[in-house]
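Just below is one structure, and these are the notes that go with it.
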Amino acid sequence: MGGILLLLGFEVCGCVLAEALFKRRDGIVRLWLGLTAGLLMMMWLPSLFAYALKFTAAAQFAALGLAAALAVLSRLFLREKADPTRLEGEKRPFCGSMPAWLPIALIAPLLILSIYLQYTHTLREVDGALHVGQSTYGDLCLHLGIATGLQNSAYPPQYTLIQDTLLGYPFLMDALSASMLCLGTGLQAAFVIPGSLMMGLVFLGFILLSWELTHSRAAVVIAYLLMFLNGGLGFFYVLDGVWQDATLFRSVFTGYYDAPANMIENNIRWVNVICDMMIPQRTLLAGWTMVIPALYLLALAMREKSRRLYIILGVLAGAMPMVHTHSFLALALISAGCLFWTLRHAEDRKKALIDYALYAGIAAALALPQVLTWSIPQTVGGAATTGSLSLRFNWVNYDDATGRLIDEYFWFWVKNVGPVYLVMLPAALLCKGWKRGLSLGALLVYAAAELIQFQPNPYDNNKLFYVAFMLMLPLVGSYLVALWDRLRGLPGRALLAAVFLFLSLTSGVLSLGREAVSDYQLFSAGEVEAAEYIRDELPADAVYLTGNQHNNLVAALAGRQIVCGTSSYLYFHGVNYQRADFDARQMLEAPADNLALFEQYGVDYVVIGSSERYNYALDEAYFAANCALVYDEGGVSIYAAPENDTNLPE
């Protein structure tokens, strides 16, 4: 309960801050920006105090106090002046010119589904075991380990998956959950509550951004559906299989990644954003929670030529790298496109240049320490990958083995994105005024992601593509509405629109259905009990020898240091893990011959469960004969390290 109250406290501070900074805006905009500001402060401020206080409850209370002080100061000194075009005391509708039913009708169904998916996909208890969904089976343990490992940790934080390595992965979303854990909130609630809140803010933010760019109800609806029910043409592969064997349709809902929005074997990689991005990828969810307000403020600043908004935008942008680095990079590229357009069309170029210089300067001052400390060392100079920054054409459609594209260039994008890809260019060309600057920025993001690989896994460039995609969709919606009007009187107009939507949404709808019924066990009841024992009874600073399975109970659930975790995480983070992984295997398989390694890595305990027994030629007999048995329940055994009886619990 304490963590929930902490979250509410930050949200109140954020809303007070937004009431002062955005007094001229509609009530729904102030609420949205206020809740976003509260989350941003809760992600950032505790970490600032953790350098002195560690990541403890004291750091959380100090951070909340600072948030309250910022809220008060904003009311005293930063209040936006009243809008001179409005009469004093004039009441404005909460949603402004946008009809109130529009956000309610669009958000409610997907938010209900999202809360359900957050619950079923995040450590749902079934007879003592912990279950997840298809999309979170692989990613969730990384985030669990970061959040549980941050509790009471010193700063800057280190990986729990490998020793003496700075945590370079954007960790602030998981730090928010860790803040809730520090005040007694359960692990599932600490993930589900902020995750559900952020999904609601992303839905609302996209609607408000779309309204700002179009002021068209139909365009907003179209953009919203194309964004969140996206999926491409993968369902044609399903239909082709079903035509030959009708029972294959069942595998869409029962198979592992057989849904039509994610078919690697058919080079379908443009996944549904709810299923495979927002639910499992928590840093991306946090990044979108921040980048959509940033795009909204950028659009307002361009339209109103407001220096004040550029300054606020600089602060928001500068806080983003360790929330989600890809969203920060995408925002930077979009802003560059807007700058080029503005300088070409501005009546007062000097003022425009000063505005953007303030924006960029503030953002750089805040972001550079993060980028230089965490992002660049892993992305550019990752020890495991000798630097992953490289040239690569056409994203995942390039086959390294043959040096050729897998699918023809345009067909790859059409079958992945769907028919909406075909109207992106005309939508960009036909938009007018400052919106062309946004289109140019989206083009820069698209070009960068098509030509440069930024991390070891080329697939991760989709985190850039999607920001450009979401920015363009409102303009696409506006273009499609204009096209509909121009086709008035044409026989079959409604059928044409229905076919377009069917082609665009069917794969996404089927994938959401699959995700809703997916269910996989991540940790057994015995592993859950063992993790509780480690967390409650054994020293917090102990080092554990375990297997390198991704669902590692010690790192993920207990948040304790292990010798080496899975390469599925460490390799793609640019971490040099090979030596530690080899040594861990030697200690598990030939402990008598590698006693020096136990001392070298400071191993205090050896944890043996089903993964260690299955994946290693484990010499469990040696541990049973020579090491003190500390715990033995539910198929999990914990031994004190060889020749180290000082680790026995009291």
Side-chain angles (χ1 to χ4, degrees), residues 1-8 10-11 39 42-43 46 55 57 60 111-152 160 171-201 274-286 289 515-536 550-560 634 636:
M1 186 63 182
I4 297 174
L5 293 176
L6 180 72
L7 175 61
L8 290 175
F10 275 103
E11 292 293 49
L39 289 172
M42 188 171 176
M43 282 191 280
F55 204 85
Q60 314 309 317
L111 183 57
I112 292 171
L113 174 63
S114 298
I115 294 172
Y116 173 77
L117 291 177
Q118 286 280 343
Y119 167 71
T120 60
H121 283 48
T122 310
L123 304 182
R124 180 172 58 90
E125 184 177 349
V126 179
D127 298 328
L130 297 178
H131 285 226
V132 296
Q134 174 181 258
S135 66
T136 53
Y137 186 83
D139 284 0
L140 182 61
C141 287
L142 168 67
H143 300 290
L144 291 171
I146 294 175
T148 55
L150 280 173
Q151 286 182 274
N152 301 312
T160 57
F171 59 83
L172 289 180
M173 173 58 172
D174 296 321
L176 186 152
S177 293
S179 295
M180 299 180 71
L181 293 175
C182 287
L183 295 188
T185 301
L187 187 56
Q188 184 190 37
F191 273 58
V192 171
I193 292 173
S196 299
L197 175 59
M198 286 187 179
M199 293 194 76
L201 290 175
I274 294 178
C275 292
D276 292 303
M277 305 300 285
M278 296 170 68
I279 292 291
Q281 301 196 33
R282 289 169 54 81
T283 52
L284 175 134
L285 177 59
T289 305
E515 206 61 47
V517 300
S518 65
D519 180 23
Y520 296 90
Q521 179 178 293
L522 188 62
F523 294 102
S524 69
E527 290 170 328
V528 174
E529 292 174 358
E532 292 175 352
Y533 179 84
I534 291 170
R535 187 173 60 247
D536 298 337
H550 86 284
N551 53 338
N552 190 296
L553 69 94
V554 179
L557 295 181
R560 300 298 189 249
V636 179

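For clarity, every value in this text was computed on a predicted model and none was experimentally measured.
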Original post:
Does a side-chain heavy-atom distance below 4.5 Å link Glu527 with Leu130?
Top reply: no
Distance-only donor-acceptor hits, side chain of residues 112-120, under 3.5 Å, sequence neighbours excluded:
residue : atom : partner : partner atom : Å
Ser114  : OG   : Leu110  : O            : 2.7
Thr120  : OG1  : Tyr116  : O            : 3.1
Thr120  : OG1  : Leu117  : O            : 3.4

Between Met42 and Ser179, the two heavy atoms sitting closest are CE-CB, 4.0 Å
| task | Give a yes or no on whether the backbone of Ser135 and the side-chain of Glu515 come within a donor-acceptor separation of less than 3.5 Å. | result | yes
When every non-hydrogen atom of Leu284 is compared with those of Met278, the smallest separation belongs to CD2-N, 4.2 Å
Sequence neighbours excluded, the answer for ring-ring contact (aromatic ring centres under 6.0 Å, His included) partners of Phe171 is Trp374
Between Leu183 and Ala57 the two heavy atoms that sit nearest each other are CD2-CB, 3.6 Å
In short, salt bridge (Lys or Arg N to Asp or Glu O under 4.0 Å) pairs touching residues 173-198 with sequence neighbours left out are Asp174-Arg282
His550 meets the ring-ring contact (aromatic ring centres under 6.0 Å, His included) criterion, sequence neighbours left out, with Tyr137
* Asked: When you measure from the side chain of Ser177 to the backbone N and O of Ala190, does any donor-acceptor pair fall under 3.5 Å?
  -> yes
Residue pairs passing the salt bridge (Lys or Arg N to Asp or Glu O under 4.0 Å) test with at least one member in residues 129-142, sequence neighbours excluded, are none
Here the pair of heavy atoms bringing Ala178 nearest to Gln151 is O-CG, 4.4 Å
For residues 553-560, which side-chain N or O atoms pair as donor and acceptor with protein atoms under 3.5 Å away, sequence neighbours left out?
residue : atom : partner : partner atom : Å
Arg560  : NH1  : Ala558  : O            : 3.2
Arg560  : NH2  : Arg535  : O            : 3.1

| field | Crowding at CG, Asp536 (>12 non-hydrogen neighbours, <6.0 Å) | value | yes
*asked:* Under the criterion side chain to side chain contact (heavy atoms under 4.5 Å, CB included), I'd like the reasoning laid out for His121 against Ser518: C-alpha separation, chi angles, the key distance, then a yes or no.
replied: CA-CA 9 Å; His121 283 48; Ser518 65; 3.5 Å; yes
